[in-house]
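Written out below as structure tokens is the structure these notes cover.
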Amino acid sequence: MRVQESYSEYPVRVVIVMGVSGCGKTTVGSQLAQRLGHAPFIDADTLHPTANLAKMTKGEPLADKDRWPWLLRVREEIGKAAHSLLDGRDSSLRSARTIVGSRESSGTQRMYVVCGCSSLKRSYREFLSRSDPDTSLEQLTHDTVFVYLDVTKTELLRRLGTRQDHFFNPKLLDSQLETLEPPDTTREAAINIYGEGSTESVVEDVYHRVTSYIAKNSL
């Protein structure tokens with residue numbers, strides 16, 4: 001593969017599954033990654049610094065000053081995963097190259113990176129969508145689409161109540177809902193999904209909506 005040409009064509013599509021805690025980001029995102037040809041999956045929760053985890057465990061909401069360094073690390077990990085796909089350094093990711101365009105209207109081969117990240121504010125999503133300012137045009141690797149899992153508060157509380165050994169304190173749900181800025185699909189590269197069906201049905205819905213969106217928008 002001619003890497004320079006591929007870079008210029010943004011060959012990697014990053015899908016960020018977003019929403020408040022309990023909406024299913026990790027479950028849906030990890031299964032979507034498998035559906036997309038065993039694409040790499042990044043769980044942003046695992047990238048929080050210890051101080052953030054301690055605050056959330058105690059029921060203290062995160063502020064922007066807590067989130068920005070974390071979001072920078074998430075963006076860096078997404079970039080690393082995209083570069084790994086293109087460089088072919090990690091053989092476990094090469095199966096993502098088998099996603100062939102016969103499934104999609106553009107007829108082009110695509111590679112994916114999937115990430116589960118709350119991405120509550122539009123400013124966060126804009127940040128995650130941008131590459132590092134020092135990145136040259138030849139080094140740009142990917143376009144990004146967000147998938148917002150919309151789940152009612154009643155269902156979120158039910159799910160959070162059944163969790164075990166998770167750092168997120170359910171008392172923080174109200175704070176997250178207050179912070180949440182659902183994507184405006186007329187102004188953002190985003191898809192809104194009703195997330196209260198079975199996991200299998202939600203994953204299938206996301207898969208078909210994402211691949212259709214990317215094909216129609218030439219991402």
Side-chain angles (χ1 to χ4, degrees), residues 12-33 39-85 90 93 112-135 139-151 156 159-160 163-184 188-191 193 195 206:
V12 179
R13 277 66 183 176
V14 174
V15 181
I16 299 182
V17 183
M18 60 157 290
V20 299
S21 188
C23 72
K25 298 183 294 293
T26 301
T27 301
V28 173
S30 60
Q31 293 191 30
L32 175 66
F41 175 69
I42 299 167
D43 183 354
D45 279 349
T46 65
L47 302 177
H48 272 296
T50 303
N52 284 9
L53 296 177
K55 286 187 72 171
M56 288 186 283
T57 299
K58 291 187 291 185
E60 298 177 12
L62 299 181
D64 276 357
K65 66 179 182 179
D66 303 309
R67 289 193 176 106
W68 284 118
W70 166 63
L71 290 167
L72 175 59
R73 188 176 177 194
V74 174
R75 188 174 75 174
E76 289 173 345
E77 290 301 314
I78 289 172
K80 289 178 184 177
H83 278 285
S84 291
L85 282 174
D90 187 344
L93 303 183
Y112 293 90
V113 174
V114 182
C115 176
C117 179
S118 54
S119 310
L120 298 178
K121 293 184 179 181
R122 183 174 180 181
S123 59
Y124 301 164
R125 297 190 289 275
E126 290 175 346
F127 178 80
L128 290 172
S129 298
R130 294 197 305 268
S131 296
D132 187 290
D134 294 329
T135 302
Q139 292 176 312
L140 294 176
T141 58
H142 61 272
D143 284 304
T144 304
V145 59
F146 290 86
V147 176
Y148 168 50
L149 297 179
D150 188 6
V151 178
L156 291 169
R159 294 180 184 182
L160 293 175
R163 275 183 172 179
Q164 296 181 351
D165 301 323
H166 194 280
F167 65 83
F168 187 83
N169 190 320
K171 294 178 181 178
L172 291 173
L173 179 60
D174 284 337
S175 174
Q176 282 204 339
L177 289 171
E178 290 172 5
T179 303
L180 175 66
E181 298 171 2
D184 179 349
E188 299 180 64
I191 302 165
I193 300 283
V206 172

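As the structure is a computational prediction, the values presented were derived from the model and not from experiment.
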I need the L120 CG to S175 OG distance, nearest 0.5 Å.
9.0 Å
d(L149 CG, I191 CD1) to nearest 0.5 Å is 11.0 Å
Heavy-atom side-chain contact between [X] and [Y] under 4.5 Å:
X	Y	answer
L71	C117	yes
L177	L156	yes
L62	L172	no
I16	I78	yes

Apply side chain to side chain contact (heavy atoms under 4.5 Å, CB included) to [X] and list each qualifying residue two or more places apart in sequence or on a separate chain.
X	value
P182	Y148, L180
S30	F41
L53	H48, M56, F167
P49	N52, W70

Using the salt bridge (Lys or Arg N to Asp or Glu O under 4.0 Å) rule, collect all pairs that involve residues 62-71, keeping only residues at least two apart or in two chains.
K55-D66, D64-K121
Can you see which heavy atom on [X] is nearest to which on [Y], and at what distance?
X	Y	value
G59	P61	O-CD, 3.6 Å
I42	A81	CD1-CB, 4.1 Å
V151	R159	CG2-NH1, 4.0 Å
A189	T144	CB-O, 3.6 Å
C115	V74	SG-CG1, 3.9 Å

Going by the rule ring-ring contact (aromatic ring centres under 6.0 Å, His included), which residues pair with Y124 if we only count those two or more places apart in sequence or in a different chain?
W68
Residues in side chain to side chain donor-acceptor pair (under 3.5 Å) with [X], at least two apart?
X	value
K171	none
E188	R125
E181	none
E77	K80

Any chance you could lay out the side chain to side chain contact (heavy atoms under 4.5 Å, CB included) test for L85 and Y112, step after step, and finish with the verdict?
CA-CA 9 Å; L85 282 174; Y112 293 90; over 6 Å; no
Hey, does the side chain of K25 reach the backbone of S118 with a donor-acceptor pair shorter than 3.5 angstrom?
no
List in chain and number order the residues that pass salt bridge (charged side-chain N to carboxylate O under 4.0 Å, His left out) with R122, two or more places apart in sequence or in another chain; answer none if no residue qualifies.
E126
Contacts of type salt bridge (charged side-chain N to carboxylate O under 4.0 Å, His left out), residue D150, not counting sequence neighbours
none
